Every structure is written in structure tokens, then in C-alpha cells.
Amino acid sequence: MGMLRGFGVDIGGSGIKGGLVDLEAGALDGERLRIDTPQPSTPDSVADVVAKIVEKFDWKGPIGVTLPCVVKRGVAHTAANVDHGWIGTDAAGLFAERLGRAPEDILVLNDADAAGIAEMRFGSGVDRDGLVVLLTFGTGIGSALFLDGKLVPNTEFGHLEVDGHDAEKRAAASVKEDKGLTWAEWAPRVSRYVSVLENLIWPDLVIAGGGVSKKAEKWLPLLDVRTEVVAAALKNDAGIVGAAVAAARQSAH
Ligand code: BGC
């Protein structure tokens, strides 16, 4: 029997990455392809790049695509860190048309939700029940909430108000970068943010994801919060893997 495969595309503010996924191992099957996100990141220009990536692979099956947006039934509803033209766009319909696929072959979901699906199935959330929240620290802050392993989609905890500010404007990894903060300077911002969140939802586990999860040993030990915080295991590929898993699940139904 051949290996179970899927395909995922992860659309971010700076790069669009895609590749074949081994759905049993929860890992990329071969190389991934990355192309810079076009600026402005309008739906049409992004769809062109997605098509370019998918065409490089010999893949006819279902495709999962992430967006840094609230996505309900394939339609994007927010656009905090991408072109505002996404708001109200039928993203699933757009990608299906551009890729020449049937609508049911395309699944579009929030980027953090996709990363969370991958972490719960293959990474740091395996066998963790109760309330688990994955937070992705990148350009913004993404969130994915799971109750006993089941996703509650589109939570948008990155936009909690913290001390009168949009949380991601204070504690995203991009803020560390832009302000040239050290880990010791950035970590209290993350602690303050996680404290506000934990007072509202009392999670059993926080999984810290995003690019900075690769350097988890530099900042997780500096956090001063009530909840257990662990680093994401899948690092940069979580979005691609989770998108492929979600698309395969949809097409199986
Ligand atoms: C968006 C979320 C997204 C997160 C990470 C936030 O600004 O509102 O939808 O998951 O950034 O990209």
C-alpha cells in the first residue's frame, strides 16, 4: 500500500510555502517550495503564486490552504496583516478556479488553526486533553483552541486587548524584531499577554509556535505565567502539514 499523502500551502505575510505531506508521519514528503508573498498581497496576486507552487508538484488530490484571516466556509472575514481585499473574498472558490479544481478539493482555513491541527495530531499536543491553546508568535499572534482535541476555530486571541493595546502589537515576534528587544525584554510582554489570556479561558496547556519556537530555550524559561507552556514541535512546517490534514479529512467526508 502506498503512503497516504496530502498537499498543504501556508500563506504568510512574507512567504507562501507549499509541499507534499506524508499524512501518517505528519511531515513534509520531500522539498517544500517557497515564494515571496506578492506586495500588495491581493487575492488575485496571491492566487497566482499558489497556482505556481502547486503546478510544480504532480498532485491531483485535495489541497489545504491557510490564510492569516478568520475563514468561515471558505470566505475570509478579516485581514490584519494581509491586503484588505481579502475581506469578503471567497478564497476557496478563488483557489479552486485558479487551480482548475472542484470546490470540494480545496479547504481554506486560518493559519494558526492549521498549525494547531498539526501540533495536536503529531506534535506537542498529542494525547493532551482538556483545553489546549496554540499561540503562534510571528508578524502577528495567531491562536488555535482545542477542547479534548477538537478545534474551536477562528479564536483570534492575538487581538485581545492588553493594557489598552491590541495584544499582537505588543507581544508578536515582529515587535521584538522591530524594536530590537532582547529575549529578556520581550519575554515579559509575552508573560503579560498570556496572563490576560489565562485569566479569561484557564487553559490546561499553552503550545508556543511560530518562528521563535525554534529558539524556545531562549525565552520559554523566562516566562512567568500560571499555565504550562511548551514549544511547538513542528516548527515552520506546522501550517503546511495541518492544512493538508484538514483538506484530506474534508474530502473523506
Ligand atoms: C490574524 C489571525 C492570524 C494571526 C497569525 C492575526 O493578525 O488576525 O487570523 O492567525 O495574525 O498570522
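None of these values were measured; they are calculated from a predicted model. Whatever order the structure lists ligands and atoms in, that order sets their numbers, starting from 1.
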(request) Just jot down the ligand 1 atoms closer than 4.0 angstrom to any heavy atom of Ala80, in number order. (result) 7 (O), 8 (O)
(request) Taking only heavy atoms of Glu168 into account, list the atoms of ligand 1 that are under 4.0 Å away from them. (result) 6 (C), 7 (O), 11 (O)
(message) Check this for me, if you would: do Asp237 and Arg32 make a salt bridge, where the nitrogen-to-carboxylate-oxygen distance has to be below 4.0 angstrom?
(response) yes
(message) If you take the nearest heavy atom of each of Asp111, Val70, Asp10, which one is closest to atom 3 (C) of ligand 1?
(response) Asp111
(request) Looking only at distances, please establish whether an N/O atom of ligand 1 is found under 3.5 Å from an N/O atom of Thr78. (result) no
(request) Answer yes or no: is there an ion pair linking Lys60 with Asp105, defined by an N-O contact shorter than 4.0 Å? (result) no
(message) If you compare all heavy atoms of Ala114 against all heavy atoms of Gly239, which two are closest, and at what distance to 0.1 Å?
(response) CB-O, 3.7 Å
(request) State, with a plain yes or no, whether a side-chain heavy atom of Phe7 is found less than 4.5 Å away from one of Ile240. (result) no
(message) Between the side chains of Asp204 and Arg128, is the shortest nitrogen-to-carboxylate-oxygen separation below 4.0 Å, so that they form an ion pair?
(response) no
(message) Quick check on contacts: which atoms of ligand 1 are under 4.0 angstrom from a heavy atom of Gly142?
(response) 4 (C), 5 (C), 10 (O)
(message) Can you report which non-hydrogen protein atom sits closest to atom 9 (O) of ligand 1, along with the distance?
(response) Glu156 OE2, 2.5 Å
(request) Tell me, please, whether Trp183 has Lys176 positioned over its six-membered ring: NZ or CZ under 6.0 Å from the ring centre and within 45 degrees of its axis? (result) yes
(message) So is Asn154 touching ligand 1 or not, going by heavy atoms under 4.0 Å?
(response) no
(message) Under 4.0 Å between a side-chain nitrogen and a carboxylate oxygen: does that hold for Asp58 and Lys56?
(response) no
(request) Using a 4.0 Å heavy-atom threshold (strictly under), name the region of Cys69 that reaches ligand 1: side chain, backbone, both or neither. (result) backbone
(request) Could you establish whether Asn110 and ligand 1 come within less than 4.0 Å of each other, counting only heavy atoms on the residue side? (result) yes
(request) Decide side-chain contact (heavy atoms from CB on, under 4.5 Å) for Ile11 and Phe95; before the verdict, give the C-alpha distance in whole Å, the side-chain angles of both, and the deciding distance to 0.1 Å. (result) CA-CA 12 Å; Ile11 299 175; Phe95 295 137; 3.8 Å; yes
(request) Can you sort out which atoms of ligand 1 are near Asn81, meaning under 4.0 Å from one of its heavy atoms? (result) 7 (O), 11 (O)
(request) Show which atoms of ligand 1 fall inside a sub-4.0 Å distance from at least one heavy-atom site of His159. (result) 1 (C), 6 (C), 7 (O), 8 (O)
(message) With heavy-atom distances below 4.0 Å as the criterion, list the atoms of ligand 1 near Ile141.
(response) 4 (C), 6 (C), 11 (O)
